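Data block below; observations after.
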Amino acid sequence: MSKAHSLCMQQEIQLRFLGPDDVDEVKKLCAEWFPIEYPESWYNDITSSPRFYSLAATYHSRIIGLIVAEIKSKAKLMKEDSDILASYYPATVQVAYILSLGVVGDFRRNGIASLLLDSLLSHLSTKERSNCKAAYLHVLSTNIVALKFYERRNFTAHSFLPYYYSIQGKPRDGYSYVLYINGGQPPWSVFDYISHCGSAITKLQPCAFPRHIYTAVQNFIHRLLNPSKQPTSLSHTS
């Protein structure tokens, strides 16, 4: 589909929040898009509870795409997501969990998914939502289209989730992806700690530290931070 056609279509698309009257239509769309069965209560919640940001893209009054996100406190994160934010954030800081994002097949590749995601991120970037530090989601490891979409939108893979999903009774792997917003920061990795220690040690004056220990530690940290510069050994097998 041409860019001109996509732009023309986008100009006719309207965005609106979901309401209770949309339950049946949303059920049908989710059944077409996702391999997971959602309980009845889920549909009632996303179409009526203020906890959720549930936005629909409509074309001539027909829902052709939707995004659903739950904005919640760090304290309510599931165990597998508890390390999304740096540990120094208080339990009251917020995150946005993207539960679903889908577009009707005939309308894909027209920028509708991006339009919906942009609307959510704009909402999360307002002054009133400055306490929200990350947007994250779970995705099947085999959903290459979704993985590439989120990576293009600067989401990064946070963790691998083995056997996270049950699809038609079979366990399937997944990933969590995160986008940090409003100054949000991820937890420190081992590399971050090493880098920080290395930076601190290199600022020490040699006279304040035994010179041979200072030199040894500095060289060790330098090798860790610059592995590509270490000499390599070659082996030959027949």
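This structure is a prediction, so every number in the text was calculated from the model and none was measured.
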From H60 NE2 over to I13 CD1, what is the distance, rounded to the nearest 0.5 angstrom?
10.0 Å
Going through the distances and angles, do L66 and E25 end up as a side chain to side chain contact (heavy atoms under 4.5 Å, CB included)?
CA-CA 11 Å; L66 62 87; E25 192 171 0; over 6 Å; no
Could you tell me if the side chain of I98 sits less than 4.5 Å from the side chain of Y150, heavy atoms only?
yes
What's the separation between atom SG in C132 and atom CD1 in I181, rounded to the nearest 0.5 Å?
4.0 Å
Starting at CD of Q94, measure out to OG1 of T92 and round the result to the nearest 0.5 Å.
8.5 Å
Shortest non-hydrogen pair, Y180 vs A134, comes out as CD2-CB, 4.0 Å
L121 CG to L116 CG distance, which is reported to the nearest 0.5 Å:
11.0 Å
Considering all heavy atoms, the nearest R172-L140 contact:
CB-CD2, 3.7 Å
Keeping S125 on the side-chain end and S122 on the backbone end, is there a donor-acceptor pair under 3.5 Å?
no
Is there a chain of hydrophobic side chains (I, L, V, M, F, W, Y, each step under 4.5 Å between heavy atoms) that links Y88 to V93?
yes
With no hydrogens and no angle check, is any side-chain donor or acceptor of E80 less than 3.5 Å from a backbone partner on L161?
no
Is a donor on one side and an acceptor on the other found under 3.5 Å between the side chain of T58 and the backbone of Q14?
yes
Just checking Y97 against Y136, ring centres under 6.0 Å apart?
yes
Does a donor on one side chain and an acceptor on the other come within less than 3.5 Å for Y89 and Q185?
no
Return the set of residues passing salt bridge (charged side-chain N to carboxylate O under 4.0 Å, His left out) with D173 (not counting sequence neighbours), or none when no residue passes.
none
Between P186 and V178, is there a side-chain heavy-atom distance shorter than 4.5 Å?
no
Steps toward side chain to side chain contact (heavy atoms under 4.5 Å, CB included) verdict (S119, Y53)
CA-CA 10 Å; S119 297; Y53 180 91; 3.7 Å; yes
Is there a donor-acceptor contact under 3.5 Å from the side chain of N110 to the main chain of F107?
yes
Looking at CG of D45 and CD of E40, how far apart are the two atoms once the value is rounded to the nearest 0.5 Å?
10.5 Å
Looking at every non-hydrogen atom in both residues, tell me the closest pair between S176 and S159 and how far apart they are.
OG-OG, 2.8 Å
Would you check if there is a donor-acceptor pair between the side chains of D81 and H138 at a distance under 3.5 Å?
yes
So, do I71 and H123 sit near enough that their side-chain heavy atoms are less than 4.5 Å apart?
yes
Is the side chain of Y165 donor-acceptor paired with the backbone N or O of V139 at a distance under 3.5 Å, no angle test?
yes
Decide if atom CD of E32 counts as having more than 12 heavy atoms of other residues, nucleotides or ligands within a radius under 6.0 Å.
yes
Kindly say whether N44 contributes a backbone atom to a donor-acceptor pair with the side chain of T47 at under 3.5 angstrom?
yes
Atom pair OG/CG of S54 and D22 - distance to nearest 0.5 Å:
10.0 Å
Taking the side chain as C-beta and beyond, is there a heavy-atom pair between V95 and K72 under 4.5 Å?
yes
Crowding at NZ, K76 (>12 non-hydrogen neighbours, <6.0 Å)
no
Please find the pair of heavy atoms, one from Y164 and one from G174, that lie closest to each other, and give the distance.
CB-N, 4.4 Å
Hey, does F52 have a side-chain heavy atom less than 4.5 Å from the side chain of L18?
no
Are W33 and L101 packed together at the side-chain level, in the sense that at least one heavy-atom pair is separated by less than 4.5 angstrom?
no
So does N182 get a backbone contact from the side chain of K133, meaning a donor-acceptor N/O pair under 3.5 Å?
yes
Around atom CD of E151, are there more than 12 heavy atoms from other residues, nucleotides or ligands closer than 6.0 Å?
yes
Check whether any side-chain heavy atom of I144 sits under 4.5 Å from a side-chain heavy atom of L147, and report yes or no.
yes
Just so I know, are the side chains of H158 and D83 near enough to count as touching, which here means a heavy-atom distance under 4.5 Å?
yes
Test side chain to side chain contact (heavy atoms under 4.5 Å, CB included) applied to Y43 and D24, step by step
CA-CA 9 Å; Y43 292 102; D24 290 340; over 6 Å; no
I need the minimum non-hydrogen distance between A135 and F155, along with the two atoms involved.
O-CE2, 3.6 Å
Candidate pair Y59 and I112, rule side chain to side chain contact (heavy atoms under 4.5 Å, CB included), full reasoning
CA-CA 11 Å; Y59 183 71; I112 297 170; over 6 Å; no
